[in-house]
Amino acid sequence: MNWSDRQQAMLRAMGLRVWQRTDTAPLLAASDDTTRPARQAAPAPAPAPAPAPVAAPVAAPAARRANPAAAAPMAAFDPDSASPAVPALAAMAGQRGDIAAMGWQELRQAVAACTACTLCQSRTQTVFGSGAALAHWLVVGEAPGEQEDLQGQPFVGPSGELLDHMLFALGLTRSDSDTGEPAARRVFIANTVKCRPPRNRNPGPEELAACEPFLLRQIELLKPRIILALGAFAIKALLRSDEPVGKLRGRLHSYQGVPVVVSYHPAYLLRQPLEKARAWEDLCLAAEIAERLA
């Protein structure tokens, strides 16, 4: 992928350095120190013993070549060796199994009319999702906030702006208008919970369970090539894991054979800006997988 001046400006706005390679040597996985400012070179120490030979890394796509810290070798995706998939939709939906037969429009109407949990009593409106129905990318967030509740769209406000910048830097768009962009460059964004919890508290187990069939049906209809799970509740819904994001990111997972990449929620990145570099690595990993599966 060629990096335009505008894309480089977006990366700098996220606080990320735009790396430019000047040689053709293979990129090796970098340590956490790659995100720290470079220090003035110290006098050269005595030569250290030569390291043991390592296997040559797989060539990274352009998106990962732009950031050496994200260029760790990656084997071909194998759903059987990734994280175990969760049960199929019909088993999850229980008595609400009729959701499994809905199309996009029926599903949107069902979400708008849902009264399955108490969140319906305090919401302004539901937040179904946004993006093209033929997108290859699916981004799953957690729950709507105040602005999402008012506008009926996921990821608006500062966190949505940051997410848009990150997607734009990879040449992706969540627009649902007919702009001529191929499906490989389109993103659909959904949340695990479709209504805002009061005072932006965490969604409860019964609220997650009530919304789960809607999310699973969205995934079945979309048939994404890659899923990006942002935050703890998206991870729990898709991977059935309570592990923290920091322990799950940087490697491949699977949901019913679809590769899943885990990363930090943009709202967390606004509070912890030093983690933006790791989030960018996660997006580059997802981009590499999507390119390989294209």
Side-chain angles (χ1 to χ4, degrees), residues 1-4 6-21 26-30 34-35 57-79 82 131-132 134-141 155 162-175 179 181-190 222-231 234-235 238 245 248-255 257-266 269 275-294:
M1 182 184 301
N2 294 324
W3 297 92
S4 67
R6 185 176 181 186
Q7 288 174 321
Q8 293 184 38
M10 289 290 187
L11 294 177
R12 286 192 292 269
M14 291 166 54
L16 301 176
R17 179 178 299 179
V18 180
W19 295 84
Q20 299 293 339
R21 294 193 60 197
L27 293 174
L28 299 180
T34 57
T35 62
V58 178
R64 289 171 68 79
R65 287 199 299 270
N67 183 0
M74 185 194 75
F77 174 68
D78 179 5
L134 298 177
H136 285 183
W137 286 66
L138 171 63
V139 174
V140 179
F155 284 97
L162 176 58
L163 178 61
D164 285 342
H165 285 179
M166 298 171 74
L167 296 175
F168 178 82
L170 288 178
L172 303 174
T173 177
R174 65 155 134 175
S175 172
T179 59
E181 291 286 345
R185 296 297 179 191
R186 288 183 174 270
V187 178
F188 189 88
I189 301 178
L222 187 65
K223 296 179 173 59
R225 305 288 180 87
I226 183 73
I227 299 175
L228 187 63
L230 302 181
I235 293 170
L238 295 172
V245 177
L248 295 175
R249 60 164 298 276
R251 54 192 172 94
L252 286 178
H253 307 273
S254 174
Y255 169 80
V258 180
V260 177
V261 172
V262 167
S263 192
Y264 300 106
H265 194 281
L269 296 177
E275 300 291 357
K276 288 181 181 179
R278 290 186 173 88
W280 177 242
E281 292 175 14
D282 299 332
L283 262 70
C284 289
L285 173 61
E288 180 174 350
I289 299 167
E291 287 185 17
R292 292 189 177 199
L293 296 178

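- Taking Arg225 as the reference, nothing meets the salt bridge (Lys or Arg N to Asp or Glu O under 4.0 Å) condition, with sequence neighbours excluded.
- Atom CD1 in Ile289 sits 8.5 Å away from atom CZ in Arg292 (nearest 0.5 Å).
- Remark: Arg186 engages Thr179 in a side-chain hydrogen bond (donor to acceptor under 3.5 Å, both in side chains) (not counting sequence neighbours).
- Under the 4.5 Å side-chain criterion, counting only non-hydrogen atoms from C-beta, Leu293 is not in contact with Ile226.
- Minimum interatomic distance between Ala229 and Leu238 (heavy atoms only, all atoms of both residues): CB-CD1, 4.0 Å.
- Under the 4.5 Å side-chain criterion, counting only non-hydrogen atoms from C-beta, Met166 is in contact with Leu269.
- The nearest pair of heavy atoms linking Leu222 to Ala132 is CD1-O, 3.8 Å.
- For the pair Leu252/Val260, no side-chain contact is recorded, criterion being any heavy-atom separation below 4.5 Å from C-beta on.
- Rounding to the nearest 0.5 angstrom, the gap separating the CD atom in Glu275 from the OG atom in Ser263 is 9.5 Å.
- Considering only residues two or more places apart in sequence or on other chains, His265 meets the ring pair (Phe, Tyr, Trp, His ring centres under 6.0 Å) condition with Phe155.
- Put simply, the side chain of Val258 does not reach to within 4.5 Å of the side chain of Leu138, judged on heavy atoms.
- Taking CG of Leu167 as the start and CG of Leu228 as the end, the distance is 8.0 Å to the nearest 0.5 Å.
- The closest side-chain heavy-atom distance from Asp282 to Val262 is not below 4.5 Å.
- Here the closest heavy-atom approach between residue Pro266 and residue Leu163 is recorded as CG-CB, 4.0 Å.
- With hydrogens and angles ignored, the 3.5 Å screen pairs no side-chain donor or acceptor of Arg174 with any backbone N or O of Ile189.
- Annotation for Trp137 and Ala287: closest pair CH2-N, 3.6 Å, computed over non-hydrogen atoms.
- Nearest approach of Arg278 to Arg249, heavy atoms of both residues: O-NH2, 3.2 Å.
- Counting only distance, with no hydrogens or angles, the side chain of His253 and the backbone of Leu248 share a donor-acceptor pair below 3.5 Å.
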